Amino acid sequence: MEKGKVDALLGIVFGDEGKGKVVDVFTPKYDVVARFAGGPNAGHTIIFDGKKFVLRSIPSGIFATDKVNIIGNGCVLAPDLFMAEAKELEAAGYDLKSRLHISKRAHLILPTHRVLDRAYEAAKGKAKVGTTGKGIGPTYSDKAARIGLRVGDILDGFDAKYAALKARHEQILKDLHYTDYDITEEEKTWLEGVEYMRGFQLTDTEIEINRYLKEGKHVLAEGAQGTMLDIDHGTYPFVSSSSTTSGGVCTGLGIGPRDIGEVFGIFKAYSTRVGSGPFPVELFDETGDKIREIGHEYGAVTGRNRRCGWVDLVALKYAIMINGVTQLVMMKSDVLDGFDTIKACVAYKKDGVVMEDMPFETEGCEAVYKELPGWKEDLSHITDEAQFPQAFKDYIRFLETELETPITILSVGPDRAQTIIRKK
Ligand code: IMP
């Protein structure tokens, strides 16, 4: 039997590209959907049949009732938030316990990790990362420091391990003079969440995934965040704390690089960023406001305004290279329907020097744009690429030529049905 493959679906800019929708569209082709990095900092929105769900830690394959869903070892999980998310899905009629498998090696986010997240941000003053406040950084720090708690720990001698790590965190908070917090209620719910999680299939998911592949089954690795938020390749230090790239698929699921098949790079027809950090394409004018308003660019997790700008080819080329992207998926093309002209950033400029490659530091870089005609037509009703307006076809061809990668899927609206698969 031919071995199955793991296809990766990755946000390749700053996250919020609409991965949830694409995973949901892709799911019928796969046997397993797996998350490999990140945690409840993600917010994957899925809309179908007039219903809307926002998933944070649970893979987007959960709505297809015959699929296995895996939370891999590279993820971090907050038991209280997981419980709330899972109960909402259970209330909507989805059976999770038989279809959701959680890696024993995934790390746990403690209530005190969230306090530490706030304390570290407060201590940074003006240089704040603008985190989601979900305790992501402190949890991955403890993982790297080899003191973290893992999901498997809840099965054996948990109370003492929890008390020890909590005490360690409390000491750090005391040293930081950050003592004005009260986690009593939060901790109660968190411990209920731990108990609730004990009722799930906590497994060695890396062994399970490799067994599926041997059986010829296909796995979709659902990315979270985006390449420019990757701990190694993002706009450090304004990044998240996990490996959000295709390399992270291998470590975060426990598979070999040769098991990866297609790498789908997902991006929007324009750019957004949440939180702090350099963003050379950011628009501070009414065009930026218009993109935000039409695209509903407000954070799914925090509700914050997303910073908006034109598409950034410097970032996209870099991300395509880092991930080995084989196909591109362009989202939210319809948001640009009303613009007379569309711009694309083709280079950065700093101190008079024009750079086409991603520099070490993007702070202070200005965007150099190429301007293209807008299509000024409603794309949202289009069901076949033959119906695309000529100016939109030209925009696609321009991007494909610049990025040297085919755009095989286009989204023209939030619904599952508003997805166009292009003929190769
Ligand atoms: P953290 O992941 O909460 O530590 O946040 C670090 C940075 O990543 C902040 O700028 C967040 O706004 C950003 N970030 C984290 N998760 C997401 C996401 O799912 N979409 C977009 N930005 C995110």
Side-chain angles (χ1 to χ4, degrees), residues 9-23 35-46 54-60 74-78 81 85 107 109-111 113-124 126-144 148 222-245 248 252 266-268 270-279 282 292 295-309 312 315 319 331-332 362-363:
L9 182 78
L10 309 171
I12 56 170
V13 199
F14 286 109
D16 306 320
E17 290 92 355
K19 289 175 287 285
K21 172 182 160 171
V22 182
V23 182
R35 286 277 302 267
F36 62 89
N41 46 347
H44 293 176
T45 307
I46 293 161
V54 179
L55 297 175
R56 298 196 156 85
S57 292
I58 296 175
S60 305
C75 297
V76 290
L77 205 54
L81 301 185
E85 187 179 333
H107 276 247
I109 302 174
L110 272 56
H113 279 133
R114 296 192 282 243
V115 184
L116 283 169
D117 198 351
R118 295 199 291 276
Y120 291 143
E121 281 283 89
K124 284 193 172 121
K126 276 195 181 143
K128 282 187 191 17
V129 176
T131 71
T132 60
K134 303 292 175 196
I136 305 295
T139 306
Y140 279 110
S141 300
D142 279 357
K143 173 180 176 174
E222 174 181 4
Q225 290 77 51
T227 301
M228 300 317 294
L229 291 174
D230 179 83
I231 185 73
D232 285 274
H233 302 290
T235 54
Y236 193 90
F238 300 99
V239 292
S240 194
S241 299
S242 64
S243 295
T244 61
T245 53
I266 172 163
F267 72 107
K268 283 190 275 211
Y270 52 92
S271 304
T272 60
R273 174 165 205 173
V274 205
S276 330
F279 189 35
E282 183 164 16
R292 182 178 309 108
H296 306 291
E297 295 295 353
Y298 308 97
V301 174
T302 58
R304 290 179 288 183
N305 271 6
R306 292 181 184 145
R307 302 154 71 193
C308 296
D312 182 347
M331 306 300 288
K332 294 185 122 174
T362 52
E363 187 71 64

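Read the numbers this way: they start at 1 and go in the same order the structure lists the ligands and their atoms. Note that the structure is predicted; figures quoted are calculated from it, not measured.
How far CZ of Arg292 is from OH of Tyr270: 10.5 Å, rounded to the nearest 0.5 Å. Rounding to the nearest 0.5 angstrom, the gap separating the OG atom in Ser242 from the CG atom in Asp230 is 7.0 Å.
With no hydrogens or angles considered, a side-chain donor-acceptor pair links Ser60 and Glu222 at under 3.5 Å. Between the side chains of Asp16 and Thr272, not a single donor N or O lies within less than 3.5 Å of an accepting N or O. A donor-acceptor contact closer than 3.5 angstrom links the side chains of His113 and Thr139.
The single protein non-hydrogen atom nearest to atom 5 (O) of ligand 1 is Thr131 CA, 3.4 Å, given as residue, atom name and distance. The protein heavy-atom contact nearest to atom 10 (O) of ligand 1 is Val274 O, 3.2 Å. Nearest protein heavy-atom contact of atom 12 (O) of ligand 1 is Arg304 NH2, 3.0 Å. Nearest protein heavy-atom contact of atom 8 (O) of ligand 1 is Leu229 CD2, 3.6 Å. Annotation: atom 17 (C) of ligand 1 to nearest protein heavy atom, Gln225 CG, 3.5 Å.
Considering each of Gly130, Pro138, Gly275, Gly223, the one bringing a non-hydrogen atom nearest atom 11 (C) of ligand 1 is Gly130. With atom 3 (O) of ligand 1 as the reference point, the heavy atom nearest to it among Thr132, Ile136, Asp117 is part of Thr132. Distances from atom 6 (C) of ligand 1 to the heavy atoms of Val239, Asp16, Thr272 show the closest one on Val239.
Just one residue in the list Asp142, Asn41, Ile136 forms a side chain to side chain contact (heavy atoms under 4.5 Å, CB included) with Val76, and that residue is Ile136.
Close contacts between ligand 1 and Phe14 involve ligand atoms 21 (C), 22 (N) [criterion: under 4.0 Å to a heavy atom].
For Asn41, heavy-atom contacts with ligand 1 shorter than 4.0 Å involve the backbone as well as the side chain. If you look at Phe238 next to ligand 1, there are no close heavy atoms at all, none under 4.0 Å.
Residue Ser240 places at least one N or O, backbone or side chain, under 3.5 Å from an N or O of ligand 1.
Using 4.0 Å as the threshold, Ala42 has a heavy atom nearer than that to some atom of ligand 1.
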Requested in this report: Tell me, with the steps shown, if Leu81 and Arg114 meet side-chain contact (heavy atoms from CB on, under 4.5 Å).
Outcome: CA-CA 12 Å; Leu81 301 185; Arg114 296 192 282 243; 4.0 Å; yes
Query raised in the report: Passes side-chain contact (heavy atoms from CB on, under 4.5 Å), Arg273 versus Phe238? Steps please.
Result: CA-CA 11 Å; Arg273 174 165 205 173; Phe238 300 99; 3.4 Å; yes
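Across Arg306 and Val274, no two heavy atoms sit closer than the pair CG-CG2, 3.8 Å.
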